[in-house]
Number of protein chains: 2
Amino acid sequence: MKSKTGVTPIDRPSLHAQLVDRLRELLLEDAFPPGSKIPEADLCQSFAVSRTPMREALKVLASEGVVQLVPNRGAWVADIDIEELEAGFPVLAALEALAGKLACARITDTEIAKAEKHTKAMAAFFKSGDRRAYFRENEAIHRLILEAAANPILSQQHEALAVRLRTGRFKANEDQARWAQAVEEHEAIVSALRERNADLLSKLLETHIENKFQALIRMVRQG
Amino acid sequence: MKSKTGVTPIDRPSLHAQLVDRLRELLLEDAFPPGSKIPEADLCQSFAVSRTPMREALKVLASEGVVQLVPNRGAWVADIDIEELEAGFPVLAALEALAGKLACARITDTEIAKAEKHTKAMAAFFKSGDRRAYFRENEAIHRLILEAAANPILSQQHEALAVRLRTGRFKANEDQARWAQAVEEHEAIVSALRERNADLLSKLLETHIENKFQALIRMVRQG
DNA sequence: TGACTGAATTATGAATTCATAATTCATTAT
DNA sequence: ATAATGAATTATGAATTCATAATTCAGTCA
């Protein structure tokens, strides 16, 4: 805390910044199906803003790869195909592996304890079959590792890519076998974290992502 | 070629897309020093556009991290500090390592021949002391590996990060010892590429980037 | 002389307007 | 009935306008 009073500046985000966040969430929730047109005018109405900030926001999202802008024909929800998944997952795996390596060097005992708590919760939600809750814990643990890595640029790149790959379509649909495997993998991950074994954790995270990708491909191929 | 006639659509990029590219180049060339204010009005004049596309472009560049937008106070050239370099380089190294691994699996003999040509040219420019020409060959070889990896998402993430880290300030300033070392490293890199030794190439690229970073830090610390 | 106040100026964020491009739809000709 | 044409409608890209926030600067007072 810098100032003596502890008073922080009033947060005054610009419209376009807020729109970027809200739109990204909307798109991740599949409010508009991938490949469909984004109804700019309707959105302006819904958010009660004019076209200027909305279009600024769409351009930022386009640079992130979440939407696609076709000149003179508007904005479309970027459609992820298998090729894009195939390209994206190795990159995601490399970033997570790096996060694991860095995290080992800096993670505190408190954070490790938290990771263990999340892992236990995951196992519990797996047993009770609560996919949504499991998914939340899963995200929490990966976020924890990213945060422990304490590398803002890594976090940012990871976030950008994860957002791009994680459309609702591919969200929480793993078959039972894969789900069980994922739980096991997480046990191993948290154990490597506890031992602060950077090389092992790095490797585990990489194969974890790789396996998730393989499972996803199977799902997509089957429909 | 899809159509029988071979006629391709007329390229009609929007103003903001062109501005993004031109501004990024300007900023990389240190047309405005890091940390300085970006004179929006002047730029509009220079490019003969109105504020709307210019501001759209600045917002895209802000999401890339090249400029910083302060609400109600305009756009500033993002200043890279040592912490950011420290955070960015491991990520860059991981991405290059992945690129090397993927490239080994797909690179053609023709591409390898090109890589060898670039490496020879680099050595020659090193001997003649032509830093600028050396730098170009260096970029060409790294680009070649990225392209051989044939992973558009990897290319995109790499590009975004490289742009962010490579301000003119840190551009072509290596001391003689580091320069000689870099030339050697490149010989090893192209040799691993020739043998399509994925693990070795991956490792070599990682340490190559790591060494470059160390040299940079030394330069910055000295001034 | 130097620090404070507040008016004038300038810059910024956002809405609106305008020109042009794309799309839709009715009309016509086959 | 169907395809082609062109007018009407709608959407998009970009410029302009407008309200508000920030900055500058002259004037005032200690």
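Everything quoted here is computed from the prediction, not taken from an experiment. A note on names: the letters A, B, ... follow the listed sequences, proteins ahead of strands, and every chain is numbered from 1.
We find that CG of B:Leu19 is positioned 14 Å from P of D:dG13, with the value rounded to whole Å. We find that CG of A:Leu58 is positioned 13 Å from C1' of D:dG13, with the value rounded to whole Å. Whole-Å rounding puts the A:Met54 CE to D:dG13 C1' distance at 16 Å. Atom CH2 of B:Trp76 is separated from atom P of D:dA22 by 13 Å (rounded to the nearest Å).
B:Glu25 meets the side chain to side chain donor-acceptor pair (under 3.5 Å) test with no other residue; sequence neighbours excluded. Residues passing the salt bridge (charged side-chain N to carboxylate O under 4.0 Å, His left out) test with A:Glu56, sequence neighbours excluded: B:Arg55, B:Lys59.
Heavy-atom neighbours of A:Lys117 NZ from other residues, nucleotides or ligands within 6.0 Å: at or below the threshold of 12.
Residue pairs meeting the ring pair (Phe, Tyr, Trp, His ring centres under 6.0 Å) criterion with at least one member in residues 50-75 of chain A, sequence neighbours excluded, do not occur. Contacts classified as ring pair (Phe, Tyr, Trp, His ring centres under 6.0 Å) and involving residues 33-83 of chain A (residues at least two apart or in different chains) are not found.
In this structure, B:Asp175 does not pair ionically with B:Arg178, as no charged nitrogen and carboxylate oxygen lie closer than 4.0 Å.
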Pairs under 3.5 Å (N/O, protein and nucleotides 14-18 of chain C):
residue : atom : partner : partner atom : Å
C:dA14  : OP1  : A:Leu15 : N            : 2.8
C:dA15  : OP2  : A:Ser50 : N            : 2.8
C:dA15  : OP2  : A:Ser50 : OG           : 2.5
C:dA15  : O5'  : A:Ser50 : OG           : 3.3
C:dA15  : N7   : A:Thr52 : OG1          : 2.8
C:dT16  : O4   : A:Thr52 : OG1          : 3.3

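A:Arg164 and B:Gln157 form no side-chain donor-acceptor contact under 3.5 Å, judged by distance and modelled atom types alone.
You'll find the side chain of A:Arg131 reaches within 4.5 Å of the side chain of A:Trp179, heavy atoms only.
At the phosphate of D:dT10, neither OP1 nor OP2 sits under 4.0 Å from any side-chain N or O atom of A:Lys37.
Of the residues in residues 63-74 of chain B, those with a non-hydrogen atom less than 4.0 angstrom from any atom of DNA chain D are B:Asn72, B:Arg73.
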